[in-house]
A.B. asks: 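This structure is in structure tokens; I'll ask about it shortly.
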Amino acid sequence: MIVRDLLLSLLLCVTSAQADILPGGLIKLDGRPAPALKLADLDGKTTDLALLRGQWVMVHFWASWCGPCRRELPAIAAMAQTKPAALALVMVNTAETDDEVFAFLASVAPTLSTLLDIDGQVTERWQPRGLPSTFFVDPRGRLRYLALGGRPWDSGPYRRFLVGLAPEKRK
Amino acid sequence: MIVPAATADTDKDSGIKLHTSPRSPEQIAAFYEARGFPNTAIEALTQTCFVTVSFHNRSGDVVWLELSRWRFVDEHGREVKRRNRAYWNALWEKLGVPMANRATFGWTQLPEVRDLRPSEPVGGNVALLPPSGRFRLEARFATGAHKQGKEIIVILDDLSCPGREIK
């Protein structure tokens, strides 16, 4: 356990140094523990944030009726294809039905998968500043960064930020 | 009935952009009906004037969105009353509106208070008791992390609620 904690601390030091220069619209958070997040996707498969400890997680809240969310989704879909494998992407749809989400994603971003916060209560616990909102949870399960509104995740500064969080291991 | 949107672009002076677009009852009904809101909720929503606001802080400092410092005033100088989140939460409770609908409604409203960071956008509706004529918005914004900066005042004239009788 001690060895694992030491390794996590080392990983956090390295990645936070690499992510010190933040791209526009990202702010540092105070490192409080991330709220619980355990939801199912359109296929009924459950994701539990607690089980993703040990890696960085990008938690993205969105809804199909939200214009900035719709504009941002193609960039997220492109980023998801090239993001570091060690960075997990967890998308959370806020308070829509599975039919609405299925029809929307199929036409706009068919490669993306999302969890369903059917009654919106998980989103309420996370208290995003609005939709869309993207949090970065560190390998210890703490909130480290927040993206304000939609961001061009597939562009240079944002790609470099994501790679800095979860650098690929050398073979 | 379409009423032109109003934009106050104060980029040159203060670096903020404020855009308002009043919605007709038909637009509001269509949006919330499509998201499964019950009829009792739709009825209440269509008796309200919703003004969609988009705001972008393009300055290099914190700008404070505080709806308590926004005044909507009619042609006779009378205040146009706002329906805040507490009003809606109480109404949804009374009408037994499902949690999913309450959550969606909440995310479609402009926050009551927000310390907008540089480059941060925010958008949402402001709910008003429908005035019968034209009205204006006087919005005041504190600036700086501790509100120590110069106050920004934005005035948008000649607003009206689409679908309401204009005198």
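By convention in this document, chain letters (A, B, ...) are assigned in the order of the sequence lines, proteins followed by strands, and residues within each chain are numbered from 1.
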A.B. asks: Out of curiosity, A:Leu26 CG to B:Arg117 CZ, how far, rounded to the nearest 0.5 Å?
C.D. replies: 12.0 Å
A.B. asks: Measure A:Ile27 against the heavy atoms of chain B and call it side chain, backbone, both or neither at under 4.5 Å.
C.D. replies: side chain
A.B. asks: Same cluster for B:Trp64 and B:Val126 if Ile/Leu/Val/Met/Phe/Trp/Tyr side chains link at under 4.5 Å?
C.D. replies: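 The answer is no; the residues belong to distinct hydrophobic clusters.
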A.B. asks: Are there more than 12 heavy atoms of other residues, nucleotides or ligands under 6.0 Å from atom OH of B:Tyr87?
C.D. replies: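 It does: B:Tyr87 OH has more than 12 such atoms within range.
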A.B. asks: When hydrophobic residues are tied together by side-chain contacts of less than 4.5 Å, even through go-betweens, does B:Phe50 share a cluster with B:Phe37?
C.D. replies: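 Yes; tracing contacts between hydrophobic side chains, which count when under 4.5 Å, links both residues.
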A.B. asks: Is the CZ atom of B:Arg140 crowded by more than 12 outside heavy atoms at less than 6.0 Å?
C.D. replies: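 Not more than 12 within 6.0 Å, no.
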A.B. asks: Mind listing the closest non-hydrogen atom pair of A:Asp119 and B:Ala103 along with its distance?
C.D. replies: O-CB, 3.9 Å
A.B. asks: Restricting to non-hydrogen atoms, name the atom on A:Gly130 and the atom on B:Trp107 that form the minimum distance, rounded to 0.1 Å.
C.D. replies: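 The pair with the smallest heavy-atom distance is CA-CZ3, 3.9 Å.
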A.B. asks: Looking only at non-hydrogen atoms, find the nearest pair between B:Ser119 and A:Arg151 and report the distance.
C.D. replies: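 Heavy atoms only, the tightest pair is O-NH2, 3.2 Å.
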A.B. asks: Taking atom NZ of B:Lys147 as the centre, report whether more than 12 heavy atoms of other residues, nucleotides or ligands fall under 6.0 Å from it.
C.D. replies: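 Count over threshold, so yes.
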A.B. asks: Would you say A:Asp30 has more than 12 foreign heavy atoms packed within less than 6.0 Å of its CG?
C.D. replies: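 Correct, the count exceeds 12.
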A.B. asks: Provide the closest heavy-atom pair for A:Leu148 versus B:Pro121 in the form atom of the first, atom of the second, distance.
C.D. replies: O-CD, 4.0 Å
A.B. asks: Please check if the number of heavy atoms outside B:Glu43 that lie under 6.0 Å from its CD is greater than 12.
C.D. replies: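 No - once you tally the heavy atoms of other residues, nucleotides and ligands closer than 6.0 Å, there are 12 at most.
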A.B. asks: Is it the side chain or the backbone of A:Pro68 that comes within 4.5 Å of chain B heavy atoms, both, or neither?
C.D. replies: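 Neither part, no heavy atoms under 4.5 Å.
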A.B. asks: Counting only heavy atoms closer than 4.5 Å, note whether B:Ser54 contacts chain A via side chain, backbone, both or neither.
C.D. replies: neither
A.B. asks: Checking A:Arg129 side chain against B:Asp115 main chain: does a donor-acceptor pair fall under 3.5 Å?
C.D. replies: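 The answer is yes, because a donor-acceptor pair under 3.5 Å joins these two groups.
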